[in-house]
Amino acid sequence: RQEARCKEEDKYYSPALASLKMDDYNCLLLFHCYLEVLTHHEVKPSAFMLSFLASYGVLICFCANLSLPDCQVIDRVLSRHGGIVHGVYIRGMYFFSRARVRDNTWIILHALSMCTCLKTFIFVDSNLDTEGIEVLNRVLIHNADTLENFRLFNDRIKDEGLEQLSQALQHLHKLRNLDFNDVCLTSKSSPTLSLIITRMPALTGVMLDWNKIGYSGLESITPALQQCKHLKQLDIKNIGLERADEGRAALASLLSGLPQLQCLDLSDNHIGEKGLELLVPVIQQFGQLRVLALSKCGLAGDGHSMPLLASVFLCLPTLEDINISGNPDISDKGLEQLAPALEQCSQLKTLNLGYIGLMSCQSLLTISHLLRQLSSLLNLNANNASFGDCECDEALCIAVKEHPSLADINLPYSISEDVKGNLRRHAADPTTALKRLNFS
């Protein structure tokens, strides 16, 4: 059925696509749309679509869905277009046979050796083993003069795999974004990470989310990160900074040397009030900061946490994205303390207040008032526990409908059915800015 489906796809789309004269921007749009369809429906791209996308510089591989003939098709496609392919996305999907994923990944990596001008390389769930990393090293070295973005996500290479991969990574002098997301690194990998980072003077983004490097590992890589004078984005979500004061001090020491940061994600690390006391004076110096994520950081509405956080918002008028979700102890009291400072963030486009323990009608009124003040807001997550029977949801409904730019909003399911229906009709109106409405 899947083969027949691919043939039908070629039958209907090949003539139209072959006649298109696409620029890079439209090709990128097609690539992302097609990737989304493939991901959601777990199908593989047809031979024609592979060739078509490769002719415009991109390649998508879902290794678990590929047969040997499919891999041979990819080999032929790269033989023809390898010299112009600049973006590669490879996904393994662990819920299929790991052996099959590994074998297909190995074959495709060999085929990718024909690529010489890669700019973006993304590996997701591809089950790399020692032999696979060796081949990947060759691919990376062949593209050392052009590669700008490298991402490994959920590949579990561990410290030993990073050591092996570093043989190629330390030659990527033009790399701008380095992303190791959930690849099972520990503090033992910090000397290797430091070596890799120091060899990449052009780095603008470093992402190390979901690797338990801990405060000792963070201390070890601090000098290397602080040498990255062009670093704009640092994501260190859930890296094992527990309640210990050493972790908070190590984090403050690192950030004190990165005043040029524009995006900072510290989520899923227990920072708490003690951590904020150390971090706030540092973060207040980030005059260009646009994105600040403090989700699940142990923040609470009692004590000094909210005044400290409010002082950050007041000092950083450039903030466009604030995420304090997943801190249930902030509560209604905490939001009330933060609201005056949030109102001053005139450039704010995304505000995530999900699951921060809001339960009172007053909080709904506070959110309504924020909507009226934040005219640039595009995305709002206000999903929290039940607000109960509350007449204030009408005020929220009016604020949403009157907002000039709000495009995406997530609200509590407990809001009255009348208000839900009213907002759904508003979202269905093609003339309004609101495009996505969710109740959960």
Side-chain angles (χ1 to χ4, degrees), residues 86-89 117-124 133 136-137 139-153 155 157 159 161-183 185-187 189-211 213 217-239 241 250-267 269 282-283 285-293 318 320-321:
H86 56 74
V88 173
Y89 178 99
C117 62
L118 289 178
K119 291 185 178 180
T120 299
F121 201 110
I122 302 174
F123 245 50
V124 181
I133 293 176
L136 177 57
N137 276 344
V139 175
L140 295 178
I141 290 175
H142 285 167
N143 294 273
D145 292 333
T146 58
L147 201 64
E148 296 180 358
N149 307 289
F150 180 71
R151 182 185 186 196
L152 282 183
F153 179 80
D155 274 288
I157 59 171
D159 300 328
L162 181 66
E163 178 73 29
Q164 185 184 358
L165 196 57
S166 68
Q167 298 170 19
L169 290 176
Q170 60 182 301
H171 296 289
L172 305 183
H173 305 305
K174 294 185 178 180
L175 202 74
R176 293 168 58 84
N177 292 292
L178 178 66
D179 188 351
F180 291 123
N181 191 315
D182 195 13
V183 294
L185 303 182
T186 69
S187 59
S189 67
S190 53
T192 306
L193 271 176
S194 295
L195 173 65
I196 293 170
I197 292 170
T198 54
R199 299 292 179 87
M200 298 176 175
L203 276 178
T204 60
V206 174
M207 288 68 78
L208 301 173
D209 297 341
W210 296 90
N211 293 290
I213 62 176
L218 194 64
E219 282 181 323
S220 181
I221 64 175
T222 289
L225 286 171
Q226 291 180 340
Q227 288 180 27
C228 299
K229 299 306 179 183
H230 303 289
L231 194 66
K232 306 296 183 187
Q233 178 178 357
L234 179 63
D235 291 357
I236 46 176
K237 179 191 300 184
N238 195 359
I239 60 168
L241 301 183
L251 184 55
S253 174
L254 166 63
L255 296 181
S256 65
L258 298 171
Q260 75 278 13
L261 280 183
Q262 295 182 7
C263 304
L264 177 62
D265 190 345
L266 304 177
S267 301
N269 293 296
V282 177
I283 297 176
Q285 306 305 312
F286 293 172
Q288 304 177 62
L289 196 68
R290 296 185 295 105
V291 178
L292 178 61
T318 56
E320 298 178 4
D321 187 328

Query raised in the report: Can you tell me how far CD1 of I196 sits from CG of L165, rounded to the nearest 0.5 angstrom?
Result: 6.5 Å
**Report entry** Heavy-atom pair of closest approach, residues M200 and L172
**Finding:** CG-O, 3.6 Å
Query - Which atom of S189 lies closest to which atom of L162, heavy atoms considered - result: CB-CD2, 3.9 Å
Query raised in the report: Do D209 and N238 come within less than 4.5 Å of each other through their side chains, counting heavy atoms only?
Result: no
Requested in this report: Take S256 and Q285 through the test side-chain contact (heavy atoms from CB on, under 4.5 Å) and record every step on the way to the result.
Outcome: CA-CA 9 Å; S256 65; Q285 306 305 312; over 6 Å; no
Query raised in the report: Less than 4.5 Å apart, any side-chain heavy atom of Y89 and any of V124?
Result: yes
Query raised in the report: In terms of side-chain geometry, is the basic nitrogen of E320 or R290 positioned less than 4.0 Å from the acidic oxygen of its partner?
Result: yes
Requested in this report: Flag the pair S220 / S194 as yes when at least one side-chain heavy-atom distance between them is below 4.5 Å, and no otherwise.
Outcome: yes
Query raised in the report: Side-chain contact, heavy-atom cut-off 4.5 Å: I213 with S190?
Result: no
**Report entry** Any side-chain heavy-atom pair of F286 and T318 under 4.5 Å
**Finding:** no
Report task. Give the C-alpha distance, both sets of side-chain angles, the deciding distance and a yes or no for side-chain contact (heavy atoms from CB on, under 4.5 Å) between L185 and D159. Result -> CA-CA 5 Å; L185 303 182; D159 300 328; 4.0 Å; yes
Query raised in the report: V139 versus V88: any side-chain heavy-atom pair under 4.5 Å?
Result: no
**Report entry** Side-chain heavy-atom pair Q260, L258 within 4.5 angstrom cut-off
**Finding:** yes
Report task. Assign the ring pair F150 / F180 to parallel, tilted or perpendicular, where the plane angle (0 to 90°) is split at 30° and 60°. Result -> perpendicular
